[in-house]
Amino acid sequence: MCAALAASFYDRRTERVARDLLGAILRCETPEGVASGRIVETEAYLGEHDAACHAAAGRTARTEVLYGEPGTAYVYFTYGMHWCANAVTRRAGLPSAVLIRALEPLDGVELMARRRPKARDRRDLANGPAKLSAALGITGELNGLPLRRSRLTIHRGLTIPAREIGVTPRIGITSATDWPLRFVWTESDFLSRRYGVGR
DNA sequence: TCGAAGATTGTCT
DNA sequence: GACAATCTTCGAG
């Protein structure tokens, strides 16, 4: 297992971090065991001027973590039942983050399958932001923890060639829907939506 | 204190 | 392809 990515990795332009996270390994330890997967899809959320970013509402109890240190986990609850995992980027005062949207399951596949009984196959285990959170056991307990040293970590993995990285508008939002801030590894079979197909 | 909306998923038609 | 499930968050009253 390679070392966890340093805090400086996250302290750069958010689009850059989102792109560079493709190929990296997201890993979560729980009492039930360890589960991990390769990141194949991300989205960038750019701060208060990005209407689709939670921080567009300003600094609140919920968005407080976004104003914190780069490399911090931002985990939020949505639609009354789903958790979504993000990595905070840039410096304090610029509340931006990268949403992890899909993983290729690596370690702990059986554990993930138990947590996702409805998944039909390995591909269906973590090909969506709420699916991967369920598969890895990510919950609000992890909100605000450092991604370098906690139960939830991100490690260096494959380096994806630029020609295999695709950029599309973000999914599932109602504001700023035309901003090209979703990054995918086009060669992966584990995306939430197939590359080249509209949202 | 109340109401509306939400970075989704799974099921049904 | 359409829609229900389900509850936190936040702004308005």
Side-chain angles (χ1 to χ4, degrees), chain A residues 10 13-15 17-19 21-22 26 28 35 37 39-68 70 72-90 94-105 112-144 147 152 154 166-185 190-195 197-199:
Chain A
Y10 303 95
R13 282 173 54 86
T14 303
E15 303 94 312
V17 177
R19 174 186 290 258
L21 277 176
L22 295 179
L26 181 65
C28 188
I39 297 170
V40 297
E41 177 176 343
T42 61
E43 282 180 3
Y45 286 84
L46 299 184
E48 295 177 357
H49 63 287
D50 177 356
C53 183
H54 288 167
R59 191 163 185 160
T60 66
R62 183 200 213 187
T63 62
E64 187 61 33
V65 171
L66 292 173
Y67 291 79
T72 300
Y74 171 49
V75 182
Y76 67 86
F77 194 63
T78 190
Y79 290 104
M81 62 192 93
H82 299 306
W83 294 101
C84 293
N86 301 245
V88 175
T89 60
R90 308 188 86 179
L94 293 171
S96 46
V98 173
L99 170 69
I100 313 296
R101 282 197 61 90
L103 299 178
E104 172 187 348
M112 290 190 232
R114 281 204 298 279
R115 287 167 170 158
R116 298 245 327 116
K118 304 211 172 140
R120 301 180 180 187
D121 52 28
R122 180 161 164 262
R123 183 182 307 195
D124 198 33
L125 239 32
N127 62 340
K131 292 181 184 178
L132 72 89
S133 294
L136 295 198
I138 296 171
T139 69
E141 294 176 18
L142 302 174
N143 189 42
L147 288 169
L152 185 65
I154 300 180
V167 184
T168 78
R170 293 172 293 186
I171 290 174
I173 55 174
T174 55
S175 310
T177 53
D178 55 343
W179 293 14
L181 292 174
R182 171 174 173 249
F183 298 88
V184 301
W185 181 19
F190 298 87
L191 304 178
S192 67
R193 303 272 208 287
R194 197 172 301 174
Y195 178 64
V197 177
R199 56 186 299 270

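Note on naming: letters A, B, ... go to the chains in the order of the sequence lines (proteins, then strands), and numbering restarts at 1 for each one. Computed from heavy atoms alone, side chains included, the values below leave out hydrogens, waters and symmetry copies.
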- request: Grab the CZ-C1' distance between Arg62(A) and dG11(C) for me, whole Å please.
  value: 13 Å
task: May I ask you to say what Ala57(A) touches in the nucleic acid, namely base, sugar-phosphate or nothing, with a heavy-atom cut-off under 4.0 Å?
output: sugar-phosphate
message: I want to verify a distance call: between dA7(B), dC7(C), dC10(C), whose nearest atom is closest to the Ile173(A) side chain?
response: dA7(B)
statement: Lys118(A) has its side chain closest, among dG6(B), dG10(B), dT8(B), to dG10(B)
message: With rounding to the closest Å, how many angstrom separate the P atoms on dA4(C) and dA4(B)?
response: 16 Å
Glu15(A) side chain vs Ala44(A) backbone, donor-acceptor pair below 3.5 Å: no
query: Within the side chain of Arg115(A), is there an N or O that forms a donor-acceptor pair under 3.5 Å with the backbone of Leu136(A)?
result: yes
- line: Considering only heavy side-chain atoms of His82(A), the closest of dA7(B), dG6(B), dT8(B) is dT8(B)
query: Arg120(A) has an atom CZ; how far is it from atom P of dT9(B), in whole Å?
result: 15 Å
Pairwise distance CH2(Trp83(A)) to CG(Asn143(A)) - rounded to 0.5 angstrom: 8.0 Å
- prompt: Where the side chain of Cys84(A) is concerned, which of dA5(C), dC10(C), dT8(B) is the nearest nucleotide?
  reply: dT8(B)
message: Can you measure Tyr79(A) atom OH to dT8(C) atom C1' for me and round it to whole angstrom units?
response: 13 Å
query: Is it the case that more than 12 heavy atoms not belonging to Glu141(A) sit under 6.0 Å from its CD atom?
result: no
- request: Report yes if at least one side-chain N or O of Thr78(A) is closer than 4.0 Å to OP1 or OP2 of dT8(B); otherwise report no.
  value: no
message: Looking at His54(A), I'd like to know whether one of its side-chain N or O atoms comes within less than 4.0 Å of OP1 or OP2 on dA7(B).
response: yes
- prompt: Does dT8(C) pair with anything, Watson-Crick or G-U wobble, both distances under 3.5 Å, and if so, with which nucleotide?
  reply: dA5(B)
query: With distance as the sole test, does Arg116(A) use its side chain to make a donor-acceptor pair with the main-chain N or O of Leu125(A) at under 3.5 Å?
result: yes
task: Quickly work out the Asn127(A) CG to dT8(B) C1' distance and round it to whole Å.
output: 12 Å
query: From dC7(C), dA7(B), dT6(C), pick the nucleotide closest to the side chain of Phe77(A)?
result: dC7(C)
query: So does Arg116(A) get a side-chain nitrogen or oxygen closer than 4.0 Å to the phosphate oxygens (OP1/OP2) of dG10(B)?
result: yes
statement: Among the nucleotides dT8(C), dT6(C), dT8(B), whichever has the atom closest to the side chain of Arg101(A) is dT8(B)
query: Do Cys28(A) and Leu142(A) come close enough that some side-chain heavy atom pair is under 4.5 Å?
result: yes
- prompt: Planes under 30° and centres closer than 5.5 Å, is that true for Tyr45(A) with the base of dA7(B)?
  reply: yes
query: How close or far is atom P of dG10(B) from atom CG of Asp121(A), stated in whole angstroms?
result: 12 Å
task: Look at Thr174(A) and dG6(B) and indicate whether a side-chain polar atom (N or O) is within less than 4.0 Å of OP1 or OP2.
output: yes
- line: When rounded to whole Å, the CG to C1' distance for the pair Asn143(A) and dT9(C) reads 13 Å
message: Side chain of Ala61(A), heavy atoms from C-beta onward: which of dT6(C), dC10(C), dA7(B) has the nearest atom to it?
response: dC10(C)
field: For atom CZ of Arg59(A) and atom C1' of dT9(C), their distance in whole Å
entry: 17 Å
Glu41(A) CD to dA7(B) C1', straight-line distance once rounded to whole Å: 12 Å
message: Nearest heavy atom decides the nucleotide; on that basis, is Leu132(A) or Ser175(A) closer to the 5' end of DNA chain B?
response: Ser175(A)
